[in-house]
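Notes follow once the structure below has been shown.
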Amino acid sequence: MADPTREHPSLTMARPLLAARFDLTLLRQVRHDVEAVSRRCGLEDERVDDWITAVNELLINAIRHGGGHGTVRLAAADRLTCEVRDEGPGFDAAAHLARLHRPALSGTGGMGLWVVRQLADYVSVDSGPSGTTIRIAARREPA
């Protein structure tokens, strides 16, 4: 398996179709906006729910572990791409992404990135002391 923390060339962001700041009070609206844009972008109908779940996990992680707020951007080229950024303290992404089996649920979470890896076609994580940026992508239907 390739290094999941390395950015895949297909995950570079084009001009965003959606760009928003979010916190807990805006979470529901941002999820609705992500779903609306995703449905318009040619993501297969049966994949939309999985995609929204993956994006939601990233949003929740940013709120819970990344300072309580963040930014989300969606773009579409050959893939639908989502980028979520926060300003938290960072974490050891390789250790979380290397998990092959579902981690045990704990009081501090632990399943979010595992779920994202199951539902997205590509995952890229850049995390350090000034924050975390996670990009995910899903294949779209051919035009």
Side-chain angles (χ1 to χ4, degrees), residues 2-99 101-141 143:
D3 180 357
T5 62
R6 266 218 151 89
E7 185 169 327
H8 188 280
S10 297
L11 293 180
T12 56
M13 292 295 287
R15 192 179 89 195
L17 300 170
L18 171 71
R21 293 192 57 75
F22 65 89
D23 59 18
L24 188 57
T25 64
L26 299 171
L27 182 62
R28 184 176 181 173
Q29 181 59 51
V30 169
R31 266 195 314 245
H32 286 291
D33 294 345
V34 167
E35 181 175 3
V37 169
S38 299
R39 289 190 185 281
R40 287 193 311 264
C41 287
L43 195 60
E44 295 175 358
D45 285 340
E46 60 271 5
R47 299 275 326 268
V48 171
D49 288 339
D50 286 348
W51 176 253
I52 299 306
T53 299
V55 172
N56 185 63
E57 288 294 330
L58 296 180
L59 300 174
I60 294 291
N61 279 354
I63 291 168
R64 190 173 197 185
H65 306 292
H69 57 88
T71 60
V72 60
R73 293 189 318 155
L74 286 180
D78 60 330
R79 289 168 169 67
L80 180 59
T81 305
C82 176
E83 175 185 272
V84 174
R85 292 181 183 212
D86 67 46
E87 298 171 357
F91 69 103
D92 180 5
H96 286 275
L97 293 172
R99 294 179 179 158
H101 303 288
R102 183 176 67 86
L105 188 58
S106 73
T108 60
M111 289 186 57
L113 279 180
W114 183 85
V115 169
V116 169
R117 283 193 60 217
Q118 306 311 302
L119 300 176
D121 293 323
Y122 299 100
V123 177
S124 166
V125 179
D126 181 19
S127 188
S130 62
T132 298
T133 300
I134 300 179
R135 290 188 180 123
I136 62 173
R139 288 183 290 279
R140 300 178 341 145
E141 291 181 21

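Nothing fancy with the numbering, it's 1 onward along the sequence. Just so it is clear, the structure is predicted and the values come from calculations on it, not from any experiment.
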I need the minimum non-hydrogen distance between Gly66 and Asp86, along with the two atoms involved. O-CB, 3.4 Å
What distance separates Leu18 CG from Glu83 CD, expressed to the nearest 0.5 Å? 12.0 Å
Is the side chain of Arg140 donor-acceptor paired with the backbone N or O of Ala77 at a distance under 3.5 Å, no angle test? yes
Using salt bridge (charged side-chain N to carboxylate O under 4.0 Å, His left out) as the criterion, list what pairs up with Arg21, not counting sequence neighbours. none
Between the CG atom in Asn56 and the CG atom in Leu119, the distance rounded to the nearest 0.5 Å is 11.0 Å
Can you list the steps and then say if Thr81 with Leu74 is a side chain to side chain contact (heavy atoms under 4.5 Å, CB included)? CA-CA 6 Å; Thr81 305; Leu74 286 180; over 6 Å; no
Salt bridge (charged side-chain N to carboxylate O under 4.0 Å, His left out) against Asp121, all qualifying residues, sequence neighbours excluded: Arg47, Arg139
Quick one: side chain to side chain contact (heavy atoms under 4.5 Å, CB included) partners of Ala19, sequence neighbours excluded? Pro16, Arg73
Run Val48 and Asp50 through side chain to side chain contact (heavy atoms under 4.5 Å, CB included) and show every step you take. CA-CA 5 Å; Val48 171; Asp50 286 348; over 6 Å; no
Non-hydrogen side-chain atoms of Ile136 and Val116 separated by less than 4.5 Å: yes
Does any part of the side chain of Ile60, heavy atoms only, come nearer than 4.5 Å to the side chain of Leu27, both counted from C-beta? yes
Do Thr53 and Val55 have side-chain heavy atoms sitting under 4.5 Å apart? no
Distance from Leu58 atom CG to Thr133 atom OG1, nearest 0.5 Å? 11.0 Å
Heavy-atom nearest pair, Ala93 first then Val125, reads CB-CG1, 3.3 Å
Minimum side-chain heavy-atom gap Tyr122-Arg79 below 4.5 Å: yes
Across all chains, not counting sequence neighbours, the side chain to side chain donor-acceptor pair (under 3.5 Å) partners of Ser127 are Thr132
Over all atoms of both residues, closest heavy-atom pair of Ala20 and Val30: CB-CG2, 4.5 Å
Within the structure provided, determine whether Thr71 and Val84 are in side-chain contact (heavy-atom separation under 4.5 Å). no
Pairwise distance CD(Gln118) to CD(Glu57) - rounded to 0.5 angstrom: 11.5 Å
Would you mind reporting whether Cys82 and Val34 have side-chain heavy atoms less than 4.5 Å apart? no
Does anything in residues 22-38 pair up under salt bridge (Lys or Arg N to Asp or Glu O under 4.0 Å), and if so which pairs, sequence neighbours excluded? Glu35-Arg39
Any non-hydrogen side-chain atom of Ile134 less than 4.5 Å from a side-chain atom of Leu113? yes
Any side-chain heavy-atom pair from Leu80 and Trp51 closer than 4.5 angstrom? yes
Spacing of OG belonging to Ser38 relative to CG belonging to Asp49, to within rounding of 0.5 Å: 10.5 Å
